[in-house]
Each structure stands twice: as structure tokens, then as C-alpha cells.
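Heads up, the thing below is written out as C-alpha cells.
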Protein chains: 2
Amino acid sequence: MATRTDAPTRREQILKEAARLFAERGFHGVGVDEIGAAVGISGPGLYRHFAGKDAMLAELLVGISGQLLTGGKRRVAESDGGDPEALLDSLIEGHIDFALDDRPLITLHDRELDRLRDSDRKLVRQLQRQYVELWVEVLREVYPGLLEPAARSAVHSVFGLLNSTPHLGRPGSLPGRAATAALLHRMARGAFAAAGA
Amino acid sequence: MATRTDAPTRREQILKEAARLFAERGFHGVGVDEIGAAVGISGPGLYRHFAGKDAMLAELLVGISGQLLTGGKRRVAESDGGDPEALLDSLIEGHIDFALDDRPLITLHDRELDRLRDSDRKLVRQLQRQYVELWVEVLREVYPGLLEPAARSAVHSVFGLLNSTPHLGRPGSLPGRAATAALLHRMARGAFAAAGA
DNA sequence: CCTTCAGGTTAACGACCGCTAACCTCCCTG
DNA sequence: CAGGGAGGTTAGCGGTCGTTAACCTGAAGG
């Protein structure tokens, strides 16, 4: 992972603020003027960077889904036939990092999907589906007795568990990031273990 | 539980359809004309039954939170000092019933809270908080080693797990309601057990 | 039979919102 | 030192939305 050191571009600033605002008040609840104000320019200036408000949401959601899937595939590749248990732990860890570091995106990800144009929505759904299937395959290697429909339900449910981070109160009321991550990780494994029994 | 046999009132019809539409497209994404059309009257006719669009959302969210809390309190009272394990199972079962039978309400419940007037939002949050604390107390009886902050995080996370039902595909792709409920129940217990270890 | 009222209707107003048009101003480059 | 494009600005248009106003109607009650 090459850590970025250069300053964020204006486009990236806009996307970040838009994500925060969309997560706080919903896509329809935020005006373009507010998004502009959040980055120090005003309203129509955004159209120098994006074709429209819809395009911002689309780029955010496609980006999230793609990032999750890419990270998941990378972890599978790095494991390469090794211990499935360790691979499952790796997937869980990656998802938790994302859920803790990009809370607004996690919120958007399963909340505003229906506001997308048909083609974008199909793309996002396809990426999400591939990500789920990747987890399902790994899960069924760890728990061979688990049938596919049950495995898929279990994966969706654990996503619900891991994505609950936005409800956990603002950073500070928590017992520290590492402890929270560890708790979530244990609970996810416990839930999977119970599903596989 | 006295099962209702009389026909639903117009108010109830409106609330039900509004809940469905809000869950599908978001509060700001639904117009009053659509809500009216869903119950066979048109737009402004709704104002004979509600003070405004906001009032519908408020009544829905207060109703949900109150219903969950009331049901939880009833189960605690029925247990009355008995087996904490059985009480925890009872709470989980009640929450699962709600999540499976009223999916649109579950969706709204943690998605549109910020669209409420300040007073209504405070009321809903207070009801939600009481419900969480009720779970936390029971959970700490079952797992005495669990500290309060961790227990609260665990409860929120299990709510995320149980409330994932809207993502589980429409009824029919599932292996039957009873099997789904049983799976969710096992996973919730597994997650709690892992948190308590 | 007349009144009343609950529960509708349509028309229209005012606010807001996404987006475009037209214009301005640096800064880079040949 | 021209000039041109990147990245802003404000004004304003067109459509939508929540809400109100004014009117209608059928059924119940004295």
C-alpha cells in the first residue's frame, strides 16, 4: 500500500465532503450549494469538476464497491491456497479497517444505492455481489457443512454487524480504535462459528 | 397479544404505505402525491389526517422505538428474575420477529432519524437508548465479565446484524422464515458469546 | 328535510433546487 | 507579452414540492 503524501485534489476534497454530507442528511437532503460551501467554492462551481450531483454519488458508490472488492481479491491472492481461517481473518480485518476509517462511505454504501442511474446501479450491485461471493467461498472452506444460501445470509448479516460502526458513537466514546476493532473481529468470528454449527 | 381483526383505519393505511415508500426511496425522495396515490387519494387529501409530511415520519419513528421498548420491557417483566440466558433469547427472538415482519420500519428506524424536528428526535433517541440499556443489563447478567462500554458496543453491533434482514433478498430467496430466524438467532448468540470471552 | 361534518377534490402559491449562461481572472506557455 | 484554458463568479430559468385555499359530496342525526 503506497501511502499518499501529496495534497488532495479539488475533486477529492469535493468527494470527501459530499460523502460526509450525503451520509448526514441523505442525498436529496443536501443541496449543491452546501457541497460547494464545504470546500470553499460556491454552488455551480462544482460543475467544473462533475457533470452533476448524480455523478458525485455514482463515483462515490462505484469507488467504495470497487475498493472493497479489490482489497478482498488482493487478500485472497496473497493467501493463495494457504490457511482459510487466516484468510477469513484477513477479510474481516480489511472490512473493519474500512468501516472504522470511512464511516460516511459505509453509511452511503447501503443507503443511497437506489438514487443511482440504472447503469451505475447495476455496476455497483455487480461489484457488491462479487464481494459477497468472495466471502461466501472462503466461509464455506472454513465451515464445509454450511450450505450456500445459509452462507450468503451469514455473510450479509456479518456485514450488518461490521457496518454498525456509525452507530457506535463518535470516536472518543469508544474504548480506543484497536479495542473496538478487536471486539468487532471476535464477534464476527463468533457469529460465523455459530452459523457454521 | 390480541390479534386485530377489524379493518385498518385510513390513518394506518397511510402510515403503512408511507413507511414502505420512505424505506424505498428516502424521506426526501418521496412526494406527498405519491403517498396519497398509494392509498387511493391524492396529495393534499393527506392533510385531513396528518399535520404534514414530517408528522408522518415522526409518528412512524416514535411508534417503532416505543414498540421495541415496550416489547422489551414486557419480556423482562415476564422473566422476572428467572434465567438471564432465557431472557436474552427472548429479547433476541422479539427483535428478530420485528426485523422480519416490519422490514420497512427497521430500515427507517436508523436511516431517517435526522429528518425529525428536534423534540421528536430527542424523544426517539431517548426511547432507543432505553432499549439499548435494557439489552446491556441483561447481557451483563449473562456475561458478568463484560464491561459496560464493550457491552454497549456489542449490543449495537448485534442490532446491526439482526437489522440486516432488508439486505437478505426478498422473501422467497430465503430458506424459509423459520430457518432464517433460527440462523439469525444462533449468530446473535455466537457474537455475544465471543464478545463476552 | 335540512344541517353538519368528515373526507375528499382541484388550483395555485411560494420556496427551493439542480443546472446553464455569461462573464471574470489568474497563471502558464510559446 | 499575447492568449488561452482552468477554475471560479453571479444571475436566472424551469421544474418540483409541501402546503393552503376554496369548493364539493355523501351519509348521519334531529
Side-chain angles (χ1 to χ4, degrees), chain A residues 6-62 104 108 111-121, chain B residues 6-62 104 108 111-121:
Chain A
D6 50 337
T9 69
R10 179 57 33 118
R11 265 183 77 89
E12 289 167 337
Q13 287 180 44
I14 294 171
L15 283 176
K16 184 182 162 198
E17 294 302 311
R20 185 179 55 82
L21 290 166
F22 289 160
E24 279 175 11
R25 300 210 287 283
F27 179 67
H28 291 293
V30 181
V32 290
D33 289 357
E34 300 178 73
I35 303 174
V39 296
I41 71 181
S42 233
L46 296 170
Y47 288 77
R48 298 285 168 195
H49 304 276
F50 294 94
K53 198 182 158 193
D54 299 352
M56 300 180 207
L57 182 64
E59 189 157 328
L60 282 171
L61 293 188
V62 173
L108 282 185
R111 186 171 297 196
E112 306 286 355
L113 182 58
D114 300 320
R115 273 53 136 190
L116 255 48
R117 283 175 33 231
D118 268 27
S119 61
D120 291 324
R121 188 171 53 244
Chain B
D6 51 337
T9 69
R10 179 55 35 115
R11 266 184 75 88
E12 289 166 337
Q13 286 180 45
I14 294 171
L15 283 176
K16 184 182 162 197
E17 295 302 312
R20 185 179 54 81
L21 290 167
F22 289 160
E24 279 175 11
R25 301 210 287 284
F27 179 68
H28 291 293
V30 180
V32 290
D33 289 356
E34 299 178 73
I35 303 174
V39 297
I41 71 181
S42 234
L46 296 171
Y47 287 76
R48 298 285 166 194
H49 304 276
F50 294 93
K53 198 183 159 192
D54 298 353
M56 300 180 208
L57 182 64
E59 188 157 329
L60 282 170
L61 293 189
V62 172
L108 281 186
R111 185 169 298 195
E112 306 286 355
L113 181 57
D114 300 320
R115 275 51 140 190
L116 255 48
R117 283 174 33 229
D118 268 26
S119 60
D120 291 324
R121 187 171 54 245

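The basis for the numbers below is simple: all heavy atoms, side chains too, and nothing from hydrogens, waters or symmetry mates. Labels below follow one simple rule: chain letters A, B, ... track the order of the sequence lines, proteins then strands, and each chain is numbered from 1.
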Length of the [atom1]-[atom2] vector between [X] and [N], whole Å:
X	N	atom1	atom2	result
B:His28	C:dG18	NE2	C1'	16 Å
B:Ile14	D:dG18	CD1	P	15 Å
A:Ile35	C:dG18	CD1	P	8 Å
B:Leu46	D:dT19	CG	P	10 Å
A:Phe50	D:dG8	CZ	P	12 Å
B:Asp33	C:dA12	CG	P	16 Å
B:Lys53	D:dC17	NZ	C1'	8 Å
B:Leu21	D:dC17	CG	P	13 Å

Considering only heavy atoms from C-beta outward, does the side chain of A:Ile35 approach that of A:Phe22 to under 4.5 Å?
yes

Side chains of B:Ile14 and B:Met56, heavy atoms from C-beta outward: is any pair under 4.5 Å?
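The answer is yes, as the side chains (C-beta and beyond) meet within the 4.5 Å cut-off.
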
Reckon [X] touches a base, only the sugar-phosphate, or nothing at all at heavy-atom distances under 4.0 Å?
X	result
B:Val30	sugar-phosphate
B:Gly45	base
B:Gly43	nothing

By nearest heavy atom, map A:Gly31 and B:Ile41 onto DNA chain C; which one lands nearer the 5' end?
B:Ile41

So which one's nearest nucleotide on DNA chain C is more toward 5', A:Phe27 or A:Arg48?
A:Phe27

Check every atom of D:dG7, C:dG18, D:dT20 against the side chain of A:Val32 and return the nucleotide holding the closest atom.
C:dG18

Return the nearest nucleotide to the side chain of A:Pro44; candidates are D:dT9, C:dT20, D:dT19.
C:dT20

Please determine whether a side-chain nitrogen or oxygen atom of B:Arg10 lies at a distance below 4.0 Å from atom OP1 or OP2 of C:dG8.
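Yes, B:Arg10 has a side-chain N/O under 4.0 Å of OP1/OP2 on C:dG8.
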
Side-chain N or O of B:His49 versus OP1/OP2 of C:dG8: is the shortest distance under 4.0 Å?
yes

What is the minimum heavy-atom distance between A:Ser119 and A:Arg117, and which atoms define it?
OG-NH2, 2.9 Å

Report yes or no: does B:Glu17 contribute a side-chain atom to a donor-acceptor pair with the main-chain N or O of B:Val39 at less than 3.5 Å?
no

Donor + acceptor pair across side chains of A:Thr9, A:Arg11 (<3.5 Å):
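Side chains of A:Thr9 and A:Arg11: no pair found under 3.5 Å.
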
